[in-house]
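What follows is a single structure, written as structure tokens, with notes after it.
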Amino acid sequence: MHLSLLFLSLGALVKCADGSDWCYHGCEHTPKKWADIPDASCGEKRQSPINIVTGDVKTDHHLLNFTFVNFSSQHAIKSVINNGHTVKCILEADEVEVSGGGLNGTYSTLQFHFHWGSTEYHPGSEHMIDGHRYPMEMHIVSVKKGLSVQDATKDSEGIAALGFFINATDDGDMSGPWGELTSYLTNITGTEVDMNHTISIDDLIGNVNLTKFYRYMGSLTTPMCNEAVVWTLFQEPININKKLVQRFPMTTGLADVYRPQQPLNGRHVFASPATPLPPSHSWCYEEEPCEYKPAHWLNLPHSKCGGERQSPINIETRDTVSDVRLDAFNFTKFDDKHAIMHITNTGHSVKCVLKEDMVEVSGGGLGYVYSTLQFHFHWGSDESDGSEHKVDSKRYPMEMHIVNKRKDLTLEEALETPNGLAVLGFLIEAKNAQSSSSGHRETHPTSDMGAWEKLTSYISAIHNIGSEVNVTDAISIDDLLGDVNRAQYYRYNGSLTTPSCHEAVVWTVFKESVKFDQNLMTMFPAHAGYRNVYRPTQSLHNRRIYSTKSASSAPVAITLLLLLACLCAFSYNLHL
Ligand SMILES: *[C@@H]1O[C@H](CO)[C@@H](O)[C@H](O)[C@H]1NC(C)=O
Ligand SMILES: *[C@@H]1O[C@H](CO)[C@@H](O)[C@H](O)[C@H]1NC(C)=O
Ligand SMILES: *[C@@H]1O[C@H](CO)[C@@H](O)[C@H](O)[C@H]1NC(C)=O
Ligand SMILES: *[C@@H]1O[C@H](CO)[C@@H](O)[C@H](O)[C@H]1NC(C)=O
Ligand SMILES: *[C@@H]1O[C@H](CO)[C@@H](O)[C@H](O)[C@H]1NC(C)=O
Ligand SMILES: *[C@@H]1O[C@H](CO)[C@@H](O)[C@H](O)[C@H]1NC(C)=O
Ligand SMILES: *[C@@H]1O[C@H](CO)[C@@H](O)[C@H](O)[C@H]1NC(C)=O
Ligand SMILES: *[C@@H]1O[C@H](CO)[C@@H](O)[C@H](O)[C@H]1NC(C)=O
Ligand SMILES: *[C@@H]1O[C@H](CO)[C@@H](O)[C@H](O)[C@H]1NC(C)=O
Ligand SMILES: *[C@@H]1O[C@H](CO)[C@@H](O)[C@H](O)[C@H]1NC(C)=O
Ligand SMILES: [Zn+2]
Ligand SMILES: [Zn+2]
């Protein structure tokens with residue numbers, strides 16, 4: 001949402017202090033640099049927009065109906081202006097108001113404006129719902145009655161913003177209110193054009209059910225990003241013809257005018273009582289009671305879990321294809337003893353979050369530099385194994401996943417890119433375990449016991465789901481991995497193993513397992529409070545699993561023979 005125009009009348013002085021040299025792309029102060037604008041709040045902890053995860057939203061019974069004044073008036077919309085960042089509709093002063101909806105008092109409505117994507121149907125809403133970005137978003141901006149605009153930007157609830165998602169439909173009215181509004185769009189910056197007084201705000205909102213909305217505390221989404229906004233996002237979108245949506249980027253020459261998603265930093269999102277919410281913790285593993293068990297994850301909203309390159313899988317070692325491009329990894333700062341920031345109980349796993357932009361992985365045939373975000377664990381119970389991947393149908397006691405994101409992409413982009421993420425999977429066995437039948441394990445690599453003891457000692461402090469504690473002990477990832485052979489591994493294209501199961505992961509599963517004490521393993525189910533947290537193996541479909549060339553692998557001729565045999569078996573199956 002924008003306030004910049006409000007300051008226009010206050011003259012050049014304020015306009016300058018407003019950080020008017022910012023942009024969405026193609027200038028010095030793109031969104032990533034907004035935090036550097038002097039006196040701006042853009043780098044603080046209550047920023048907008050956000051991704052609303054409906055599974056984490058709680059109903060607030062105080063969020064009752066709104067009262068809108070003059071939203072239905074055809075005289076309320078005074079003029080339209082392209083200000084170089086957006087298209088803004090300016091309202092008649094002191095005529096339009098909003099109250100109720102859990103707002104503390106009455107707010108005077110000043111303007112509304114839009115955020116959109118680009119002409120090749122790239123969506124451009126600012127907020128997202130469960131990772132879904134709508135084509136556009138409309139913001140209706142109101143200031144607390146009795147406050148000047150300046151004072152409102154300093155009050156933590158000084159501004160009320162009403163956000164409406166705009167959805168693009170294949171058909172739909174080309175004239176009507178949206179046809180009328182878009183006829184005012186222009187690529188001429190700074191000229192205010194008077195409106196014809198033929199449409200009202202209600203005409204634009206159409207039949208969106210105004211009793212269904214989300215609420216959170218945030219900020220302006222443009223510099224100076226003041227943390228003064230009570231946000232309302234209506235759950236139902238406004239549906240308009242996609243040709244009208246296209247008019248915004250086409251006619252204005254402005255594309256992708258939205259700020260990327262900002263971190264929640266512990267904030268909560270609430271919903272009005274009428275808003276339908278999924279059951280909390282709507283997905284779970286096999287043992288827990290919930291609506292969406294693994295077999296039904298594919299039915300979750302925006303789920304990719306029914307795709308054809310899902311993880312985990314059973315790695316049938318006979319069918320792997322040796323690939324010389326799978327060279328050595330380059331691990332950066334895996335030896336840093338202060339890279340782990342905190343450890344958290346997510347309700348599905350125990351996760352260690354790393355400091356940002358510090359630890360990296362490259363090489364290993366990945367082709368890109370990846371930054372390491374976090375690692376977490378999958379486990380079984382005292383009686384059963386709980387690794388996600390199986391090797392030759394054998395499940396291991398536990399599995400550790402080190403999750404890395406391509407450094408050149410945002411997390412959101414990475415989730416939509418086939419190799420946006422790289423996950424390193426380490427199978428875990430008890431220190432004294434018998435060597436398995438498949439291995440060539442004369443030696444038994446052991447990890448630094450001290451590191452695992454230190455790490456697992458934190459788990460008792462995160463009993464409660466959602467709790468997190470800072471890791472203050474010196475523990476590096478290298479300490480945890482010990483001397484496990486990191487040159488020998490399997491490689492395949494797969495997915496995240498939890499909803500929404502994005503098919504964005506280049507998987508590495510190391511051949512040798514990490515080993516630590518059995519008693520430390522039992523800490524995971526005992527303290528986290530849940531067990532058997534692994535997804536069942538998924539069909540390979542037509543994927544291949546590659547393998548580093550094993551030092552003691554069979555001679556080439558035999559490998560070829562095996563490969564032929566396997567190809568024959570494959571074609572034989574096809575003819576059945
Ligand atoms: C809110 O509005 C809806 C319809 O717009 C109505 O059905 C409902 O009774 C209203 N609730 C309250 C508490 O006023
Ligand atoms: C609504 O708008 C009309 C003019 O169109 C104005 O006379 C009236 O005062 C406005 N109502 C309020 C409550 O401001
Ligand atoms: C509502 O606002 C008033 C003054 O602006 C303030 O004193 C009061 O604490 C606020 N109430 C709530 C529930 O935030
Ligand atoms: C958005 O539009 C698409 C295409 O017309 C439609 O399938 C979808 O149901 C709409 N979404 C919502 C939430 O209305
Ligand atoms: C505005 O659009 C017109 C026609 O669409 C084009 O000729 C003109 O160069 C554009 N002006 C700017 C400043 O982009
Ligand atoms: C405004 O209305 C007049 C008459 O109704 C019409 O001729 C004109 O095209 C309209 N202007 C716009 C920008 O819609
Ligand atoms: C809005 O949704 C609520 C809850 O589903 C429903 O009771 C109400 O009738 C709806 N209002 C309108 C105007 O459709
Ligand atoms: C390993 O990565 C670091 C940091 O990205 C880089 O400086 C170094 O040159 C890389 N080493 C090799 C052998 O690729
Ligand atoms: C955890 O560390 C962060 C900084 O990394 C600090 O702001 C926070 O206060 C710490 N929390 C606790 C409980 O020590
Ligand atoms: C993963 O998919 C990409 C693109 O489809 C392909 O080039 C690459 O060889 C695949 N890698 C593996 C390990 O299958
Ligand atoms: Zn906005
Ligand atoms: Zn995992």
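Computed from heavy atoms alone, side chains included, the values below leave out hydrogens, waters and symmetry copies. Indexing begins at 1, ligand by ligand and atom by atom, following the structure's order. These figures come from a predicted structure and were not determined experimentally.
- Within the 4.0 angstrom cut-off, atom 9 (O) of ligand 4 has no protein heavy-atom neighbours.
- The NE2 atom of His113 and the NE2 atom of His115 meet at the Zn ion (ligand 11) at an angle of about 110°, given to 10°.
- Counting atoms of ligand 4 from 1 in the listed order, those under 4.0 Å from a heavy atom of Pro237 are 12 (C), 13 (C), 14 (O).
- Glu468 has no carboxylate O lying under 4.0 Å from a charged side-chain N of Lys351, or vice versa, which leaves the two without a salt bridge.
- Taking the charged nitrogens against the carboxylate oxygens, Asp479 and Lys337 do have a contact shorter than 4.0 Å, which makes a salt bridge.
- Ionic pairing of Lys145 and Glu97 is present here: one or more N-O contacts between side-chain nitrogen and carboxylate oxygen are shorter than 4.0 angstrom.
- Residue, atom and distance of the protein heavy atom nearest to atom 3 (C) of ligand 9 are Asn470 ND2, 3.7 Å.
- Between Glu360 and Lys333, none of the side-chain N atoms (NZ, or NE/NH1/NH2) sits under 4.0 Å from a carboxylate O, so this pair counts as no salt bridge.
- Considering only non-hydrogen protein atoms, atom 11 (N) of ligand 4 sits nearest to Asn167 ND2, 2.8 Å.
- Within 4.0 Å of atom 5 (O) of ligand 9, not a single protein heavy atom is present.
- Nearest N/O/S atom of His139 with respect to the Zn ion (ligand 11) is recorded as ND1.
- The aromatic rings of Phe114 and Phe248 lie tilted to each other, with the angle between the two planes from 30° to 60°.
- Between His268 and Phe270, the ring-plane angle classifies as tilted under the 30° and 60° cut-offs.
- Using cut-offs of 30° and 60° for the angle between ring planes, the Phe234 and Phe66 rings count as tilted.
- Using cut-offs of 30° and 60° on the angle between ring planes, the pair Phe68 and Phe71 is tilted.
- When each atom of ligand 4 is checked for a heavy atom of Ala168 under 4.0 Å away, the hits are 2 (O), 4 (C), 5 (O).
- For ligand 4 and Tyr134, the ligand atoms under 4.0 Å from any heavy atom of the residue are 13 (C).
- Shown in contact with Asn239 at under 4.0 Å from a heavy atom are these atoms of ligand 4, numbered in order with element: 1 (C), 14 (O).
- At a heavy-atom distance under 4.0 Å, atoms from both the backbone and the side chain of Thr169 approach ligand 4.
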